[in-house]
*Asks:* 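Here you go, one structure.
In the text below, chain A, chain B and the rest are named by the order of the sequence lines, each starting its count at 1. Values in this document were obtained by computation on a predicted structure and should not be read as measured data.
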2 protein chains.
Amino acid sequence: MHRPTAGRPESRGERKERTRRAILDAALELSGETSLVALSLRQVAKEVGIVPTAFYRHFDSIEALGVALVDESFVSLRAMLRDIRRGDPAFSDVVDRSITILVEHVHRQRSHFLFIARERAAGPPAVRDAIHHEIELCERELATDLARLPATDPWSAEDLRILSNLIVMAMVATAEAIMTAPPRPDAEKAIIETARAQLRMVLIGALNWQSRT
Amino acid sequence: MHRPTAGRPESRGERKERTRRAILDAALELSGETSLVALSLRQVAKEVGIVPTAFYRHFDSIEALGVALVDESFVSLRAMLRDIRRGDPAFSDVVDRSITILVEHVHRQRSHFLFIARERAAGPPAVRDAIHHEIELCERELATDLARLPATDPWSAEDLRILSNLIVMAMVATAEAIMTAPPRPDAEKAIIETARAQLRMVLIGALNWQSRT
DNA sequence: CCGGTGAGTGCACGGTCGTGCACCCGGGGC
DNA sequence: GCCCCGGGTGCACGACCGTGCACTCACCGG
């Protein structure tokens, strides 16, 4: 239960935080087999190596744990968005760069992305709501980024929202596809190529959009 | 346990089929609260009004039940695709017609669409695979439909696949949004308008696609 | 009419679940 | 140096879980 790993003193608060982390990690891993709604408090406790009732010292319920996992997962995801935003928004290769970064982050934070994809539709209500809210924030962020491009000057806020929504949903679907795909590298290559072409199609449509309507 | 509802004789096979239906209906309703993976055989049996062990006379496991529900759900969904395909594929209002039909079917077969959206990412492995396979078939169907349009004559099979994939994922996302949305009719209106605009953007992009590359 | 078949029953088992309660004991403020 | 706060323990409970087994009894084919 206690592993100072050396004569390190390790304060009270540090020990608590370490247990909390262990619970979050265990829940992320165990829920990967099925879903949060099929995860029992006792499984988590056993994996962590604490007695079931000690769980309540950190979270009120599995659902509350899930909300904390959502927060944590979206920290990864926002880091990804920051990476994508970094670098000039020249139109030429923005598509390739963005998808490359997406793929890289999906691999590096696989369990977080899997968690979001699963619980987005099947998690406990509070978790679902938290995820949808975060995704909406991502869409808004993307919309303000798009608004900064000169090509979108004549666009309405509504058009920006619609385009952002489309792009985000395509990226979510691509992330899901990558994670679902067999680990063969050619399968992933194909998914990436498809995503590239789709994103380009969407951007071409967007560029020719305002001219009508 | 037996409700002939009148002096109707009702054969052996009919009674069995009726119980099977009741099990499928109960599972569809009960799994709506959370997910298949959190659904117990005993809950289903109690809802149906049979003893738990009698469940095995109809399905080997909850997972097998889930696969049967996938089959059934996609019968609804194929009916929708048939509706959309019926009527001439004139380009002018194909977008509006398609989305109208989608919305109508989502409302009429709400529980089936909810089931697919949930279990697609979080269901038991066999259920997930079955759903992905069916969606892939839908994409192929759409691709062959698109191939019949004169505008796609110069397209490669690969391009058709990519576009179909994009359209289907947008429709899945739209269906999810409609079901998630509050029942206020104006919220649904907004989703529908967004979906229309997105589909038009995609089609505009597709029409201007082959000209480059 | 008679015998077999198979949907549904009743009971029992070992296991897991969430949670309440009294308790322990070591770090940290006084 | 003492005391208390709080993370972690141990136990017990009633409920629910999947499943095995022996059983009933109404149906249908012979």
*Asks:* For a quick test of your reading: what N or O donor-acceptor pairs under 3.5 Å do the side chains of residues 168-176 of chain B make, sequence neighbours left out?
*Replies:*
unit_1, atom_1, unit_2, atom_2, d
B:Thr174, OG1, B:Ala170, O, 2.8
B:Glu176, OE1, A:Arg120, NH1, 3.1
B:Glu176, OE1, A:Arg120, NH2, 3.4

*Asks:* When the distance from CZ of B:Arg15 to C1' of C:dG6 is rounded to whole Å, what number comes out?
*Replies:* 12 Å
*Asks:* Per the side-chain contact (heavy atoms from CB on, under 4.5 Å) rule, which among A:Leu166, A:Ile167, A:Val94, A:Asp96 passes with A:Leu199?
*Replies:* A:Ile167
*Asks:* Among all residues two or more places apart in sequence or in another chain, which pass the side chain to side chain donor-acceptor pair (under 3.5 Å) test with B:Arg12?
*Replies:* none
*Asks:* Identify, with sequence neighbours excluded, every residue that meets side chain to side chain donor-acceptor pair (under 3.5 Å) alongside A:Glu193.
*Replies:* A:Arg196
*Asks:* Give, ordered by number, those residues of residues 52-70 of chain B having at least one heavy-atom distance below 4.0 Å to an atom of DNA chain D; if nothing qualifies, reply none.
*Replies:* B:Pro52, B:Thr53, B:Tyr56
*Asks:* Starting at atom CD of B:Glu14, determine the distance to atom C1' of C:dA7, rounded to an integer number of angstrom.
*Replies:* 15 Å
*Asks:* Give the rounded distance in Å between these two atoms: CD1 of A:Ile50 and P of D:dC11.
*Replies:* 17 Å
*Asks:* Starting at CD of B:Gln43 and ending at C1' of D:dC16, how long is that distance when rounded to a whole Å?
*Replies:* 9 Å
*Asks:* Among residues 28-42 of chain A, which residues get a heavy atom nearer than 4.0 Å to DNA chain C?
*Replies:* A:Ser40, A:Leu41, A:Arg42
*Asks:* So, using side chain to side chain contact (heavy atoms under 4.5 Å, CB included) as the criterion, who are the partners of A:Asp145 when residues are at least two apart?
*Replies:* A:Arg85, A:Arg148
*Asks:* Can you pull the salt bridge (charged side-chain N to carboxylate O under 4.0 Å, His left out) pairs that have at least one residue in residues 182-191 of chain B, sequence neighbours excluded?
*Replies:* B:Arg184-B:Asp186
*Asks:* Please set out all donor-acceptor pairs under 3.5 angstrom arising from side-chain atoms of residues 36-60 of chain A, sequence neighbours excluded.
*Replies:*
unit_1, atom_1, unit_2, atom_2, d
A:Ser40, OG, A:Gln43, N, 3.1
A:Ser40, OG, A:Gln43, NE2, 3.3

*Asks:* Return the set of residues passing side chain to side chain donor-acceptor pair (under 3.5 Å) with B:Asp83 (not counting sequence neighbours), or none when no residue passes.
*Replies:* B:Arg86
*Asks:* Whole-Å distance between C:dT16 C1' and A:Lys46 NZ?
*Replies:* 9 Å
*Asks:* Distance check needed: D:dG6 P versus A:Arg18 CZ, whole Å only.
*Replies:* 20 Å
*Asks:* Compile the donor-acceptor pairs under 3.5 Å between side chains in residues 20-34 of chain A and protein atoms, sequence neighbours left out, one pair per line.
*Replies:*
unit_1, atom_1, unit_2, atom_2, d
A:Arg21, NH1, A:Glu72, OE2, 2.8
A:Arg21, NH2, A:Asp25, OD1, 2.8
A:Arg21, NH2, A:Glu72, OE1, 3.4
A:Arg21, NH2, A:Glu72, OE2, 3.2
A:Ser31, OG, A:Ala27, O, 3.0
A:Ser31, OG, A:Leu28, O, 3.4
A:Ser31, OG, A:Arg118, NH2, 3.0

*Asks:* For A:His133, does the NE2 atom sit with more than 12 other heavy atoms under 6.0 Å from it, leaving out its own atoms?
*Replies:* no
*Asks:* Check side chain to side chain donor-acceptor pair (under 3.5 Å) between B:Arg128 and all other residues, then give those that pass, not counting sequence neighbours.
*Replies:* none
*Asks:* Taking only N/O atoms, report every protein-nucleotides 26-29 of chain C pair under 3.5 Å with atom names and distance.
*Replies:*
unit_1, atom_1, unit_2, atom_2, d
C:dG26, N2, A:Arg12, NH1, 2.5
C:dG26, N2, A:Arg12, NH2, 3.0
C:dG28, OP1, A:Arg12, N, 3.0

